[in-house]
Amino acid sequence: MISSHLKHIILFGPPGVGKGAQAKILSERFHLTHLSTGDLLRDEIKRKTELGRRVEAAVGRGEFADDETVLGIILASIDRPQVHDGFVMDGFPRNVHQAERFDAMLGVRAKRVDRALFIDAPERVILERLGGRRICNECGATYHVQFKKPRREGICDVCGGRILKRHDDNPEVHRERLETYYEKTRPLEDFYRKAGILSHVNGNQSIEDVAAEIARILMGKKD
Ligand SMILES: [Zn+2]
């Protein structure tokens with residue numbers, strides 16, 4: 001069994017860089033719980049909780065859920081018993097305010113973010129990858145025409161649902177998402193550098209090579 005003394009990991013980077021895939025590999029390899037913000041939000045919607053209703057309303061308006069709603073959902077997730085051994089957070093925080101609030105939340109639990117992994121890739125690569133994304137209509141599982149094909153074309157491996165291109169999935173929307181990322185999420189690089197826990201990861205390589213680079217970082221073999 002591989003282990004690392006780093007138990008609370010954040011993955012961030014531009015949309016489409018492969019954070020979800022890496023979070024899954026990393027959580028399995030190091031026995032940490034994968035907390036995917038997308039999955040957590042979808043789960044709240046499915047269970048029709050108050051937070052879920054707020055998320056659904058925001059998504060319906062084509063927006064992200066507001067910070068307070070997201071923080072409420074994250075807070076509930078980190079207090080689950082299975083998360084006590086550590087987590088890999090993917091899709092959160094999205095901005096510096098969320099990161100500050102998250103630090104405070106962990107602080108009162110005598111925990112901290114041990115490592116923030118910044119997976120980056122050139123803009124040209126990101127736009128190319130975003131164009132190939134597909135999503136299951138039923139369960140929200142994500143696929144990619146090039147990097148993550150389902151076993152049967154058009155059919156979800158997880159639930160058998162239909163895999164589609166999201167209706168709002170077009171180059172215009174990708175540009176907007178990238179702009180939001182540069183404005184809101186990219187400043188996390190500075191935030192975590194100042195905290196002394198930032199590591200850069202080259203996202204412009206195969207999923208396996210990215211995973212290997214991350215493993216080296218967590219094993220303390222690379223800064
Ligand atoms: Zn599915």
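What you see below is based on every heavy atom in this structure, not just the backbone, and it leaves out hydrogens, waters and symmetry mates.
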- Item | Verdict with supporting geometry, His8 and Phe87, ring pair (Phe, Tyr, Trp, His ring centres under 6.0 Å) | CA-CA 5 Å; His8 306 105; Phe87 59 71; 5.0 Å; yes
- Task: Report the C-alpha distance between Glu56 and Arg61 in whole Å, list the side-chain angles of each, state the deciding distance to 0.1 Å, and finish with yes or no for salt bridge (charged side-chain N to carboxylate O under 4.0 Å, His left out).
- Result: CA-CA 9 Å; Glu56 205 165 18; Arg61 293 192 300 271; over 6 Å; no
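Without hydrogens or angle criteria, Asp157 side chain to Arg151 main chain gives a donor-acceptor distance under 3.5 Å. In terms of modelled atom types and a separation under 3.5 Å, the side chain of Arg53 and the main chain of Lys48 share a donor-acceptor contact. When atom types are taken as modelled, the side chain of Arg175 and the backbone of Pro171 share no donor-acceptor pair closer than 3.5 angstrom. Under the 3.5 Å distance criterion, the side-chain polar atoms of Asp114 are matched with a main-chain donor or acceptor of Lys7. Under a 3.5 Å cut-off, the side chain of Glu63 and the backbone N or O of Ala58 do not form any donor-acceptor pair. Checking side-chain atoms of Thr142 against main-chain N and O of Ile135 turns up no donor-acceptor pair under 3.5 Å.
More than 12 heavy atoms of other residues, nucleotides or ligands sit less than 6.0 Å from atom NZ of Lys148. No more than 12 heavy-atom neighbours from other residues, nucleotides or ligands sit within 6.0 angstrom of NZ on Lys149. Atom NZ of Lys111 is surrounded by more than 12 heavy atoms from other residues, nucleotides or ligands within 6.0 Å.
Closest heavy-atom contact between Ala21 and Ile207: CB-CD1, 4.4 Å. Here the closest heavy-atom approach between residue Ile119 and residue Pro14 is recorded as O-CD, 3.2 Å. Minimum interatomic distance between Ile45 and Gly52 (heavy atoms only, all atoms of both residues): CG1-O, 3.6 Å. Shortest non-hydrogen contact noted between Asn204 and Asn202 is N-OD1, 2.8 Å. Taking every heavy atom of both residues into account, Ala65 and Val55 meet most closely at CB-CG2, 4.1 Å. Taking all atoms of both residues into account, the shortest heavy-atom contact from Asp90 to Ala23 is CB-CB, 3.7 Å.
Look at Asp43 and Lys46 and you find no salt bridge, because none of the NZ, NE, NH1 or NH2 atoms lies under 4.0 Å from a carboxylate O. A salt bridge does not link Glu183 with Arg186: none of the charged nitrogens is closer than 4.0 Å to a carboxylate oxygen. Between Arg54 and Glu50 there is a salt bridge, since at least one side-chain N of the basic residue sits less than 4.0 Å from a carboxylate O of the acidic one. A salt bridge does not link Glu153 to Arg134: none of the charged nitrogens lies less than 4.0 Å from a carboxylate oxygen.
Hydrophobic clustering keeps Val158 apart from Leu35 (ILVMFWY residues linked when any side-chain heavy atoms are closer than 4.5 Å, directly or through intermediates).
Judged by distance alone, the side chains of His200 and Glu189 do bring a donor and an acceptor atom under 3.5 Å apart. A side-chain donor from one of Tyr182 and Glu123 sits under 3.5 Å from a side-chain acceptor of the other.
For the pair Arg133 and Tyr143, the cation-pi test (distance below 6.0 Å, angle within 45°) is failed.
Of the candidates Leu130, Thr180, Leu127, Pro15 forms a side chain to side chain contact (heavy atoms under 4.5 Å, CB included) with just one, namely Leu130.
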